[in-house]
Amino acid sequence: MIQVADALKIIAENSCKMPISKIKVSKSLGFVLAEAVYSPINMPPFRQSAMDGYAFTHSGLNQFEVVKMAQAGDFLDEKIEENQAVRIFTGAFVPDDVDTVVMQEHTRITDNLLQIDKMPVAYANVRAKGEQIKKGELVLDVHTVITAAAIGYLSSLGITKIKVYEKPKVAILVTGNELVSAGKKLPKGKIYESNSVMLEAALKAIGIKKTTVFKVKDSLKKTKIVIESCLENYDVLLVSGGISVGDYDYVREALLKNGVTELFYKINQKPGKPLFFGRKENKIVFALPGNPASSLTCFYVYALPALKKMMGFEAIHLQEIKRKINTDFNNTSGKTLFLKALCDEEKVTVLESQSSAMLNTFSIANGLIVIPHDIAHVKANEKVVVLPFN
């Protein structure tokens, strides 16, 4: 049995980045850049009007003859004299002979004669060529997560394809004779299976949509067959249940029989002590406890960093913040505790129902309090480490 810090180190050392692919920018939401992107053009590519108004040369005059009109998309290369102005609209090309745009609300127009009532400063309301970014400058650095805004930014520069880390294909294997799918009649002695849908949702939250759920009864032979197939066809295998030491817990044995190298089994923590992490070539396996709260805790603390590293993220672990705990808390277990909690800007509250089988308070929690294994007592208002979920 190892400590939490040792387990995290082993996972980081054995999680490999996914291959790199070139994909369409329009399809890149949630992917992580595998190389830096540089601008192929200036943006804007020409001097551009920042608003609707009139373009003129700032020279001390306040009356001008309006001689031309420039809409967005027009290009005027005709000579504009010092006493002349151009009716112009937002985003339009600003002719070379003028340098300032006055907003239309500060003007009057009579018989094509422009009167400026409130004179702007020179060069006002004109976006300089390359004001946002110049040709050859860095657009987005490697390891940047592609957002909707990033897609818009790249597209505005004419970029259509980028290199990203592929997202892993994940198999979720749920074990247990006692499990029944939600929506079906619940026989006596059975419980509804929730871990697969919970884990699928957690994966979707980080952009992994290629998931498949497999279910198997408590049988070594059947478990071994399903695991063999998962290891052949998926990058990551998440197993839920069957990893403890009961007479019908066959997952660990089935993994080892399939050539998975055990990197650790059991962590000095609560909940989630019977956690297995292994690797076969570049495929990684997490065998999570079957109790729902334990399973989700282990996913957030251990599986999530591995998956994010594979996807190319730089920051892979849940963020650590410190908050004042609102009550005394004793840790007599000698284990690292992960406690379901609600935190705000100042304090954090330990929620009820900390049992590894209970999701009722997990469903309203926004983080986990971490009480290290060597801390026996925490006093009210003492700062503790909190791992927020978002």
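Numbers for residues simply follow the sequence, beginning at 1.
- In this structure, the side chain of Arg47 engages the main chain of Val98 through a donor-acceptor pair within 3.5 Å.
- Between the side chains of Gln132 and Arg127, not a single donor N or O lies within less than 3.5 Å of an accepting N or O.
- With hydrogens and angles left out, the side-chain atoms of Asp99 and Thr57 include no donor and acceptor closer than 3.5 Å.
- Between the side chains of Glu178 and Tyr192, no donor N or O sits under 3.5 Å from an acceptor N or O.
- Cluster membership for Leu140 and Tyr38, using ILVMFWY side-chain heavy atoms within less than 4.5 angstrom, is not shared.
- Looking at heavy atoms from C-beta onward, Val251 lies in side-chain contact with Thr175 at the 4.5 angstrom threshold.
- With hydrogens and angles left out, the side-chain atoms of Thr332 and Asn330 include no donor and acceptor closer than 3.5 Å.
- A salt bridge is absent between Lys324 and Glu382: the closest approach of a Lys/Arg side-chain nitrogen to an acidic carboxylate oxygen does not fall below 4.0 angstrom.
- A cation-pi arrangement is found for Lys167 relative to Phe31, the charged atom lying closer than 6.0 Å to the ring centre and inside a 45° cone about the ring normal.
- Each side chain to side chain donor-acceptor pair (under 3.5 Å) pair with one or both residues in residues 285-298, not counting sequence neighbours, appears once here: Asn291-Ser356.
- Between Glu193 and Lys215, at least one side-chain N (NZ, or NE/NH1/NH2) sits under 4.0 Å from a carboxylate O, which counts as a salt bridge.
- Sequence neighbours left out, the pairs with a member in residues 343-376 that pass ring-ring contact (aromatic ring centres under 6.0 Å, His included) are Phe362-Phe389.
- Distance alone, capped at 3.5 Å, places no donor-acceptor pair between the Glu228 side chain and the Ile225 backbone.
- Under the 4.5 Å side-chain heavy-atom criterion for Ile, Leu, Val, Met, Phe, Trp and Tyr, Met103 and Leu114 are members of distinct hydrophobic clusters.
- For the pair Gly334 and Asn268, the tightest heavy-atom approach, listed with the atom from each and the gap, is O-ND2, 3.0 Å.
- In summary, Lys283 and Asp235 do not engage in a salt bridge, as defined by a charged side-chain N under 4.0 Å from a carboxylate O.
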